[in-house]
2 protein chains.
Amino acid sequence: MKKIINDPGNVVSEALIGFAAAHRDLVRVNFGPDYIVRADAPVSGKVAVVSGGGSGHEPLHGGFVGAGMLDAAVPGPVFTSPTPDAVLAATQAADGGSGVLHIVKNYTGDVLNFETAAELADAEGINVSAVVINDDVAVEDSTYTAGRRGVGGTVPLEKITGAAAARGDDLAAVTAIAQRVIGSVRSMGVALTPCIVPHSGEPSFVLSDDEIEMGIGIHGEPGRHRIPMEPADTLVADLLAPVVEDLPFERGDRALLMVNGMGGTPLLELYLAFGIAAGLLEKQGIEVSRSLVGNYITSLEMQGMSVTLLRLDDELTQLWDAPVHTAALRWGM
Amino acid sequence: MKKIINDPGNVVSEALIGFAAAHRDLVRVNFGPDYIVRADAPVSGKVAVVSGGGSGHEPLHGGFVGAGMLDAAVPGPVFTSPTPDAVLAATQAADGGSGVLHIVKNYTGDVLNFETAAELADAEGINVSAVVINDDVAVEDSTYTAGRRGVGGTVPLEKITGAAAARGDDLAAVTAIAQRVIGSVRSMGVALTPCIVPHSGEPSFVLSDDEIEMGIGIHGEPGRHRIPMEPADTLVADLLAPVVEDLPFERGDRALLMVNGMGGTPLLELYLAFGIAAGLLEKQGIEVSRSLVGNYITSLEMQGMSVTLLRLDDELTQLWDAPVHTAALRWGM
């Protein structure tokens, strides 16, 4: 294992030190419990949007803390849920008096720990609402999940929900927007290689030189099946079809198409895949009206990609386009 | 070799199709010869800034085309210089009547082909000026280079030069700003793994499981030496020291610190490295007043990183902060 780290046990806290140093204008980082909040938190009178989960998926979630997106993010150890007390502390730090929305990816540990934190916050008089994102069409249940996993859809969910909070929606309205995104977004991923979690030092699974895993989870959990490597045209079609069929997306729909790298895939390949996916959608009469290409929800250095499709209406488009200023997603300010 | 591609010979053109589809609002892509220009090019009365070079370093250069940065970029085949006719065509498409600055990374093929293109453009009455960036302190001459290589410093160079052109500087003034950046920026990189060029299908070099290459070039060209893997604290110190000593950077300097991933390194590790580098600079009395962390000049899926340090004054800081709207770097608009 070759990684740019010191003690494998300190990877997350040392990375947070660097994150804080690089983005002093944008965020404050608290250590013990670890969380990241907007530099100007709490924003009085605004609904706060808080997310979190295991580390190793950067820039998710800390890279999305800032004006127009998340008020706070809670990074657990690599691929491990943050504790309820860390989620509670972030919730308290973010609360501006108008309530807090928790955005939770559907993994058993995350769901439980955010629920506990919400109860604790509630006991302190903080009004907490929660949504669970489960956009991965690949499998029904998996290693860490009852029901579908939360994957790439988390990124537009956090952006759009953050924009609704920024425009002044109340907690019920922000929650409703989040539910609308969750109801309209689907994803699927593929792994070409495994990744190595620092404290284990071993690959999470093994693929042969010509084998890929379709429907991979963001922690390397098993997907649908292993198949021989395919040309990009076939591979992208095989990823996209279940995504389109599931909602289903239909002729005349407008959509945000996100092609996301798992951390170790060259941008050249992601753009190549985006072109194929956009071409296939055009043939099906689905208009790609917004796009996002790059590494946004990753699995450390895993090679592979995921495709996310979000059906847009005028309001969701407006919220997607609204100004945002975070480490990883920024426009309009 | 597992890559998300079809025919290895078509990787660049297929990726350009995707890039054009993803960024229709921002750029136009021309095929045969291949180049990318701002959607609103040429911008009448503005000096145009044009760069280019072999592909495989994405988002460099195409990801930096847009308002406030490059007017055009010319992508050659992977790790291969673009031809003079492609550079000429991009120069013509970008020229708004106030002249064109070529930003050239110091590789023999790039330097020759941009020179030829400049002569051809001159013969057509386009006023062309050129600068050559050579910020890599690792080695003097190397596989494709007489003199030092152009690496990470290219990113702030293109940003700051583009901002000077955007504020209305004439060709001589834009060229002078570019020269000032080149005189103030130094870099060095390290590889943990090689990368595989699609048309060869083989790693460009071989490192053992515990070996790294200090001073690596962005095409996998040899650096200073191979050493056993080090803890991040040592590794970052070993990369940073030659960078600081070379200019030299001195107590009281303000600087932009860029920690750049080579394409396959988790963001978690890049932030961890940034924190170490920022701490070391603080101890030396060098103020990190601006920062950039992420994959900006890559070597396909290579694991590794580079450290770039640019000495800033008030004017360069202002130009760095000026609004920019490109696929890979965006703020203020």
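We name chains A, B, ... by the order of the sequence lines, and we start the count at 1 in each one. Computed from a prediction, not measured in an experiment: that's the story for all the values here.
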### Task
Quick one: which of B:Pro59, B:Ala22, B:Gly264 has the most heavy-atom pairs under 4.5 Å with chain A, could you say?
B:Ala22

### Task
Determine, stepwise, if the pair B:Leu268 / B:Leu272 fulfils side chain to side chain contact (heavy atoms under 4.5 Å, CB included).
CA-CA 6 Å; B:Leu268 201 65; B:Leu272 191 151; over 6 Å; no

### Message
Tell me which of these, B:Gly63, B:Gly263, B:Pro198, has more heavy-atom pairs under 4.5 Å with chain A than the rest.
### Response
B:Gly263

### Message
Counting only non-hydrogen atoms closer than 4.5 Å, does A:Leu235 touch chain B with its backbone (N, CA, C, O), its side chain (CB onward), both, or neither?
### Response
side chain

### Message
Please classify the contact of B:Leu270 with chain A as side chain, backbone, both or neither, using a heavy-atom distance under 4.5 Å.
### Response
neither

### Query
Is it the backbone or the side chain of A:Val11 that comes under 4.5 Å from a heavy atom of chain B, or both, or neither?
both

Kindly provide each donor-acceptor pair between chain A and chain B shorter than 3.5 Å, listing atom names and distance.
residue  : atom : partner  : partner atom : Å
A:Lys2   : NZ   : B:Leu192 : O            : 2.6
A:Lys2   : NZ   : B:Ser208 : O            : 2.9
A:Lys2   : NZ   : B:Glu211 : O            : 2.7
A:Ile4   : N    : B:Glu269 : OE1          : 2.8
A:Ile5   : O    : B:Ala232 : N            : 2.8
A:Asn6   : OD1  : B:Ala232 : N            : 3.1
A:Asn6   : OD1  : B:Asp233 : N            : 2.9
A:Asn6   : ND2  : B:Asp233 : OD1          : 3.2
A:Asn6   : ND2  : B:Asp233 : OD2          : 3.4
A:Ala22  : O    : B:Ser291 : OG           : 2.7
A:His23  : NE2  : B:Tyr271 : OH           : 2.6
A:Arg24  : NH2  : B:Val288 : O            : 2.8
A:Leu192 : O    : B:Lys2   : NZ           : 2.6
A:Ser208 : O    : B:Lys2   : NZ           : 2.9
A:Glu211 : O    : B:Lys2   : NZ           : 2.7
A:Ala232 : N    : B:Ile5   : O            : 2.9
A:Ala232 : N    : B:Asn6   : OD1          : 3.1
A:Asp233 : N    : B:Asn6   : OD1          : 2.9
A:Asp233 : OD1  : B:Asn6   : ND2          : 3.2
A:Asp233 : OD2  : B:Asn6   : ND2          : 3.4
A:Glu269 : OE1  : B:Ile4   : N            : 2.8
A:Tyr271 : OH   : B:His23  : NE2          : 2.6
A:Val288 : O    : B:Arg24  : NH2          : 2.9
A:Ser291 : OG   : B:Ala22  : O            : 2.7
A:Gly332 : N    : B:Met333 : O            : 3.0
A:Met333 : O    : B:Gly332 : N            : 3.0

#### Entry: Which atoms of A:Ala327 approach chain B - backbone, side chain, both or neither, heavy atom under 4.5 Å
side chain

#### Entry: Part of B:Ala328 within contact of chain A (heavy atom distance under 4.5 Å)
neither

### Task
Specify which of B:Leu192, B:Val259, B:Ile17 makes the most heavy-atom pairs with chain A at under 4.5 Å.
B:Leu192

#### Entry: Region of A:Leu257 in contact with chain B, defined by heavy-atom distances below 4.5 Å
neither

### Task
Measure distances from B:Met229 to the heavy atoms of chain A and classify the residue's part below 4.5 Å as side chain, backbone, both or neither.
side chain

